Amino acid sequence: MNLFAEIRDLITSTLDQMVSAGTLPEGLNFDPITAEPPRDPAHGDMATNAAMVLAKPAGMKPRDIAEVLAAKLAEDPRVTSAEIAGPGFLNLRLAPSVWQEIAKTVLSEGTAFGRGTLGQGKKVNVEYVSANPTGPLHVGHTRGAVFGDALASLLDFAGYDVTREYYINDGGAQVDVLARSVYLRYQEAHGQEVAFPDGTYPGDYLIAVGEALKDKVGDAYLDKGEQFWISDIREFATEKMMELIRSDLKALGVEMDVFYSEKSLYGTGRIEAALQDLKDKGLIYEGVLEPPKGKKPEDWEPREQTLFKSTDHGDDVDRPVMKSDGGWTYFAPDIAYHYDKVQRGFDQLIDVFGADHGGYVKRMKAAVSALSGGTVPLDIKLTQLVKLFKNGEPFKMSKRAGTFVTLRDVVDQVGPDVTRFVMLTRKNDAMLDFDFDKVLEQSRENPVFYVQYAHARVASVLRKAAEAGIAADDATLAGADLSLLDHDSELGVLRKLGEWPRLVETAARTNEPHRVAFYLYELAADLHGHWNKGNEVPSLRFIQDDAATAQAKIALARATAIVIAAGLGILGVTPAEEMR
RNA sequence: GGACCAUUAGCUCAGCUGGAUAGAGCGCUGCCCUCCGAAGGCAGAGGUCAGAGGUUCGAAUCCUCUAUGGUCCGCCA
């Protein structure tokens with residue numbers, strides 16, 4: 001249940017009455033009518049634009065509509081006043097009991113408060129990370145992993161049936177490179193001197209793989225040609241790399257439902273089947289692409305190749321699906337993979353890519369649009385670069401991988417909770433600065449700390465209550481006399497709690513989990529502010545001599561902690577019981 | 001040459017898909033601990049929402065152009 005939706009229902013049903021009474025003409029569209037908290041709390045608890053939106057189609061003045069509507073709305077017990085303001089806004093004030101009821105609901109529903117029905121159980125597939133199985137995850141992957149995982153949790157919370165999926169790019173040439181690199185480490189494990197030419201992976205993380213290969217096959221591959229071992233080592237190495245990646249993800253607290261192998265698409269007719277589907281729709285043809293303008297590749301020559309007519313589905317140019325040597329381009333298995341997702345019956349697809357894949361968005365959307373006949377929407381979220389700092393100085397190097405900072409480097413230094421929260425303090429398509437020192441700072445400047453601190457403070461209150469012999473379990477608190485929460489400061493926190501279900505909806509609708517992080521920061525600020533008012537106004541403190549009063553006050557604190565815990569749960573962050 | 005993203009206070013960023021006087025943090029100025037954790041709070045100063053047009057009752061938000069920065073652009077995934 002969502003208070004804003006309830007009030008909106010009240011407004012629209014009142015308007016219906018006005019239509020029946022002949023005050024308003026029939027056939028009006030109520031869709032654009034909103035009920036939302038006004039920017040300025042001085043305007044009241046709830047504002048609606050109904051009169052302004054309806055004025056023109058109804059052929060009436062906004063004020064005339066607003067006056068009738070206001071009078072009728074004021075009759076509802078939940079509404080204490082309805083005032084017309086500005087160009088025709090209707091500002092509603094709600095009875096304190098409406099807000100007090102929210103605390104009660106939170107306490108009885110627990111962290112399920114705010115769980116939505118927006119998704120209606122629809123099946124949505126969230127594909128994220130999908131890093132090549134050629135090495136450990138780096139910072140860029142980390143942001144994608146955190147974003148995708150939080151988005152998946154958010155959608156789950158909003159009532160979707162979510163599948164978390166990782167696409168393993170184990171079919172392309174980069175896996176041969178991996179195999180050759182592992183072979184070098186294998187030779188090294190046998191005591192040979194090796195050099196890593198360009199086009200191989202020199203990172204230390206393959207040393208152990210070389211050792212493991214030696215343990216497995218002994219010297220069977222030594223002094224043998226590539227054709228003898230490449231296939232075996234490819235399989236062995238990707239398996240090892242996926243183990244590494246899974247453990248990286250685990251360190252971050254990410255667990256996938258499905259790991260989908262690109263390789264499994266080859267030799268099984270599945271790529272062919274997907275392309276046949278497009279062919280049947282007349283979207284595959286042989287043709288020659290224009291060279292890109294402005295940039296002149298040295299070796300450009302016109303070439304006839306097999307193309308997907310993605311321009312029919314919103315792309316800028318058609319895209320090749322087959323290379324000149326007859327092999328598939330990377331796009332072909334991707335088409336087949338998304339074809340498979342569509343066939344698995346997902347109602348919605350979401351891909352999370354790094355910003356460097358921006359040029360890939362249109363063709364992928366075109367493919368899904370074509371394959372599903374436009375029935376399955378694909379949303380592609382790009383996560384922008386992460387810039388790393390230490391002591392305000394940028395840095396890039398990693399001991400482990402040699403060339404890039406790994407997910408492990410980050411998680412080992414600051415922990416999974418901080419990593420996750422900080423990665424979500426910026427919207428996905430904006431660049432993110434990540435400073436190893438600042439994220440560990442314990443001050444208001446650091447949102448992770450600030451939110452955790454609010455939660456810990458409530459835990460502290462509960463401990464004090466226990467010492468004082470005040471019963472403060474959730475059931476008892478839910479039964480407390482919450483009409484005692486009538487101070488502005490208390491009602492302010494309650495209002496914020498009331499926004500939670502609505503926030504979940506908008507965040508889920510826009511696929512923007514960062515909104516949760518920002519909301520939690522605001523909620524924490526409200527709690528901290530309220531807390532400090534207890535310094536001047538003792539009646540606002542949580543612990544009171546009278547047990548019944550104390551329970552009402554503690555109920556507010558506890559309800560806040562519950563919503564914080566629920567929000568942190570979506571972000572994948574553990575709420576702190578105390579600060580250390 | 002084209003595509004995509006960004007541009008909001010001195011700095012770092014939000015802004016609930018078109019609403020009222022555009023909000024936080026840092027920094028700056030001045031305050032608040034005998035008090036549940038001051039690791040906090042309150043108040044003040046600070047803005048031509050990159051620029052120019054357009055759409056309408058109403059634009060930071062939608063459309064067009066321009067400027068600046070970033071990512072990318074056939075046989076790498």
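The chains referred to below are lettered A, B, ... by the order of the sequence lines, with proteins before strands, and numbering in each begins at 1. Here the structure is a predicted model, which means the values were calculated and not measured.
Within the 4.0 angstrom heavy-atom criterion, no nucleotide atom of any strand lies near A:Leu503. Within 4.0 Å of A:Tyr360, counting heavy atoms only, lies no atom of the nucleic acid at all. If you check every strand for non-hydrogen atoms under 4.0 Å, A:Asp356 touches sugar and phosphate atoms only. Among the protein residues, A:Ala47 comes within range of the nucleic acid bases, having at least one heavy atom under 4.0 Å from a base atom. Using a 4.0 Å heavy-atom criterion, one finds that A:Tyr521 contacts the sugar-phosphate atoms exclusively. At the heavy-atom level, A:Lys533 lies nowhere under 4.0 Å from the strands shown. Looking at heavy-atom distances under 4.0 Å, A:Asn91 makes contact with a base. Looking at heavy-atom distances under 4.0 Å, A:His357 makes contact with a base. Across all strands, A:Glu578 comes closer than 4.0 Å to base atoms (heavy-atom distances). As judged by a 4.0 angstrom heavy-atom cut-off over every strand, A:Gly358 is placed among residues making no nucleic acid contact.
Annotation: A:Glu578, atom CD; neighbour count of heavy atoms from other residues, nucleotides and ligands within 6.0 Å is above 12. Atom NZ of A:Lys309 is surrounded by 12 or fewer heavy atoms from other residues, nucleotides or ligands within 6.0 Å. Within a 6.0 Å sphere centred on CG of A:Asp198, other residues, nucleotides and ligands contribute 12 heavy atoms or fewer.
Side-chain polar atoms of A:Glu165 and A:Tyr337 form a donor-acceptor pair below 3.5 angstrom. Defined by atom type and a distance below 3.5 Å, a donor-acceptor pair is missing between the side-chain atoms of A:His357 and A:Asp351.
Comparing B:rG54 with B:rC72, their P atoms sit 38 Å apart, to the nearest whole Å. B:rC65 sits 40 Å from B:rC28 when the C1' atoms are compared, rounded to a whole Å. Rounded to a whole angstrom, the distance from the C1' atom of B:rC26 to that of B:rG46 is 13 Å. The P atoms of B:rU48 and B:rG23 are separated by 15 Å, rounded to the nearest whole Å. Distance noted for atom P between B:rC73 and B:rG10: 37 Å (whole Å). To the nearest whole angstrom, the two P atoms, one in B:rA50 and one in B:rG15, are 15 Å apart. Comparing the P positions of B:rA45 and B:rG30 gives a spacing of 15 Å, expressed to the nearest Å. For the P atoms, the distance from B:rC63 to B:rA22 is 24 Å, rounded to whole Å.
Between A:Lys427 and the phosphate of B:rG15, there is a side-chain N or O to OP1/OP2 separation shorter than 4.0 Å. Within the 4.0 Å cut-off from OP1 or OP2 of B:rG41, at least one side-chain nitrogen or oxygen of A:Tyr450 is found. Within the structure, every side-chain polar atom (N or O) of A:Lys323 is placed at least 4.0 Å from both OP1 and OP2 of B:rG74. Listed pair A:Arg444 / B:rG40 fails the phosphate criterion, with no side-chain N or O lying under 4.0 Å from OP1 or OP2. Of the side-chain N and O atoms in A:His514, one or more sit less than 4.0 angstrom from OP1 or OP2 of B:rG15. Taking side-chain N and O atoms only, A:Trp328 has no distance below 4.0 Å to OP1 or OP2 of B:rC75.
Residue ring and nucleobase are not stacked for A:His528 and B:rG40 under a centre distance beneath 5.5 angstrom and an angle between planes beneath 30°. An aromatic stacking contact links A:Phe89 with the base of B:rA20, defined here by ring centres under 5.5 Å apart and ring planes under 30° from parallel.
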For this session: Walk me through it: do A:Val516 and A:Leu571 pass the test side-chain contact (heavy atoms from CB on, under 4.5 Å)?
Result: CA-CA 8 Å; A:Val516 173; A:Leu571 307 185; 3.9 Å; yes
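Aromatic pair A:His530/A:Phe542: ring centres closer than 6.0 Å. Here A:Tyr519 and A:Tyr521 keep their ring centres 6.0 angstrom or further from each other.
Across B:rU17, B:rG74, B:rA20, the shortest atom-to-atom separation from the side chain of A:Ala85 is found for B:rA20. For A:Arg541, whose side chain is taken as the heavy atoms from C-beta onward, the closest listed nucleotide among B:rC4, B:rU56, B:rC36 is B:rC36. Here B:rG19 is the nucleotide among B:rA14, B:rG19, B:rC4 with the atom lying nearest to any side-chain atom of A:Val53. Listed candidates were B:rG41, B:rG74, B:rU17. Nearest to the side chain of A:Thr510 is B:rU17.
In terms of polar N and O atoms assigned as donor or acceptor, the side chain of A:Arg515 never comes within less than 3.5 Å of the base of B:rC16 in a complementary pairing. Looking at A:Asn535, its side chain has no donor and acceptor atom pair within 3.5 Å of the base of B:rG41. Between the base of B:rA77 and the side chain of A:Asp334 there is no donor-acceptor pair shorter than 3.5 Å.
A cation-pi arrangement is found for A:Arg502 relative to A:Phe4, the charged atom lying closer than 6.0 Å to the ring centre and inside a 45° cone about the ring normal.
As a whole-Å value, the separation of A:Lys438 NZ from B:rU12 C1' is 8 Å. Atom pair A:Asp435:CG and B:rC11:P shows a separation of 19 Å (rounding to whole Å applied).
Within a heavy-atom distance below 4.0 Å of RNA chain B, no residue of residues 544-558 of chain A is found.
In a base pair of the Watson-Crick type (N1 to N3 plus N6-O4 or O6-N4) or a G-U wobble (N1-O2 and O6-N3), with each distance short of 3.5 Å, B:rG30 is matched with B:rC42.
Judged as a salt bridge (Lys or Arg N to Asp or Glu O under 4.0 Å), the pairs with a partner in residues 516-545 of chain A (not counting sequence neighbours) are, in order, A:Lys496-A:Glu522.
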